[in-house]
Amino acid sequence: MTKTITLIEGDGIGPEITAQVVRVLNAAGAPLSFDRQSLGQKAWEQTGSLIPEATLQSIRRNQVALKAPCTTPIGKGFRSVNVGLRLAFDLYANIRPAHSLKGIKTRYDQVDLIIFRENTEDLYIGEERVVDADTVEAIKRITRPASKRIIQAAFDYALAHQRKKVTCVHKANILKQSDGLFLQVFRETAAFYPDIEANDLIVDNACMQLVMHPEQFDIMVMPNLYGDILSDLSSGLIGGLGLLPGVNRNEDIAIFEAVHGSAPDIAGKNLANPTALLQSACMMLEHLGYDEHAQRIHQALVSVLSETSIRTRDLGGTASTVEFTDALIAKL
Ligand code: NAD
């Protein structure tokens, strides 16, 4: 059965990598039809809205979206299109798997961790206030319900996917009330999952451990800001931002997107690596129950990376976005 998904090509490198990902999905015979919608800079230029109502309606209708990175125009009174979209649907879980890819040479070849980043609160509520000319404050909000649902999602995922350990990352030694509450909820929740090992690490130590021994981590759960930083760090462990996929989701709606941004420095030059968006599309196929198509695409990706030297520039190669995709489609 063909499933309709909302497709957002985004800004910067977005349209280039989206076009190539759609080519791969079609070549793999994925039973999808695309409801194309706009968001971000382009939507602003076309409709005067950064998040058009038609786009929200499409996502609400299809419940699944594949989204390329969007640019938030500076000075339009908007914090971020991405934060706005996540809040519009209360997409509380940002899930970002970092797996070593065969054929990509990095310092580590056994990274297999998944970050569960809380997506709706923490410093991202954007409540800042000027106290006086030399003093500004920002509110860090941590609540029990928001902490509980992301922590539960991490443990439920671990249980469903035979993962062994969940690590909570926090700074409760300093932020005793806010991160202290997150850690307390983590400990309370962990008690309901006796078969899953639970531990916690202070965020600075977690960063050091990640770059020294990333293989020790399995599932990691954390408040919003630490999740933002640690997922970029994790992308560095496996070969860079051009590779790391992700999803923002709740129980009903899932928006799949690469971790990276719209990369204006290389936009329009046919240089971007489409892999992160393609891996996000594979996560989407699995979510829709099209596991076979996801596996075929993943296999073709691994074949290109491990059997050829065809790579985009971010991975030390000279191939263009289109040349890399051509090689991948040939493997399919
Ligand atoms: P960025 O991720 O766009 O770029 C950081 C660096 O990584 C750049 O050097 C870029 O060339 C490189 N890079 C990123 N993706 C790549 C890819 N697929 N292939 C090869 N190289 C790649 O981060 P930034 O420069 O801080 O942000 C640029 C814009 O993106 C901003 O407007 C920001 O708001 C937006 N942004 C959007 C999202 C999203 O839509 N989910 C996420 C982050 C940033």
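The figures that follow rest on heavy atoms only: side chains count, while hydrogens, waters and symmetry mates do not.
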Exam field: side chain [X] to backbone [Y], donor-acceptor pair closer than 3.5 Å:
X: T312; Y: L271; result: no
X: S235; Y: L244; result: no
X: E45; Y: T47; result: no
X: H287; Y: M283; result: no
X: N224; Y: R117; result: no
X: Q216; Y: H213; result: yes
X: E257; Y: G246; result: no
X: K176; Y: N173; result: yes
X: E323; Y: S320; result: yes
X: N94; Y: N119; result: no

Distance-only donor-acceptor check, side chains [X] and [Y], under 3.5 Å:
X: T120; Y: E118; result: yes
X: E251; Y: Y92; result: yes
X: N62; Y: T6; result: yes
X: K67; Y: N248; result: no
X: Q295; Y: Q299; result: no
X: S33; Y: T2; result: no

Just so I know, are the side chains of [X] and [Y] near enough to count as touching, which here means a heavy-atom distance under 4.5 Å?
X: V81; Y: L39; result: yes
X: Q152; Y: Y193; result: yes
X: T18; Y: L66; result: no
X: Y124; Y: R86; result: no
X: L56; Y: I51; result: yes
X: T167; Y: D200; result: no
X: R61; Y: S58; result: yes
X: I115; Y: M222; result: yes

Is it true that [X] and [Y] make a salt bridge, defined as a side-chain N closer than 4.0 Å to a carboxylate O?
X: R163; Y: D112; result: yes
X: R144; Y: E188; result: yes
X: R60; Y: D252; result: no
X: E121; Y: R141; result: no
X: D179; Y: K171; result: no
X: D90; Y: R149; result: yes
X: K102; Y: D109; result: no
X: K269; Y: E16; result: no

In terms of hydrophobic clustering (I, L, V, M, F, W, Y; side-chain heavy atoms under 4.5 Å; direct or indirect links), are [X] and [Y] co-clustered?
X: L332; Y: V21; value: yes
X: V203; Y: I151; value: yes
X: L237; Y: V169; value: yes
X: F89; Y: L288; value: no

Derivation and outcome, salt bridge (charged side-chain N to carboxylate O under 4.0 Å, His left out), residues K164 and E197:
CA-CA 6 Å; K164 307 235 160 350; E197 187 187 338; over 6 Å; no

Measure the CD1-CG distance between I310 and D326 for me, rounded to the nearest 0.5 Å.
9.0 Å

Classify the ring geometry of H293 against Y290: parallel below 30°, tilted from 30° to 60°, perpendicular beyond 60°.
perpendicular

Output, in order, the C-alpha distance, side-chain angles, deciding distance and verdict of side chain to side chain contact (heavy atoms under 4.5 Å, CB included) for Q209 and L201.
CA-CA 9 Å; Q209 298 282 344; L201 279 179; 4.2 Å; yes

Aromatic centroids of F155 and F192 separated by under 6.0 Å:
no

H170 and F186: CA distance, side-chain angles, deciding distance, ring-ring contact (aromatic ring centres under 6.0 Å, His included) verdict
CA-CA 10 Å; H170 61 87; F186 176 79; 8.6 Å; no

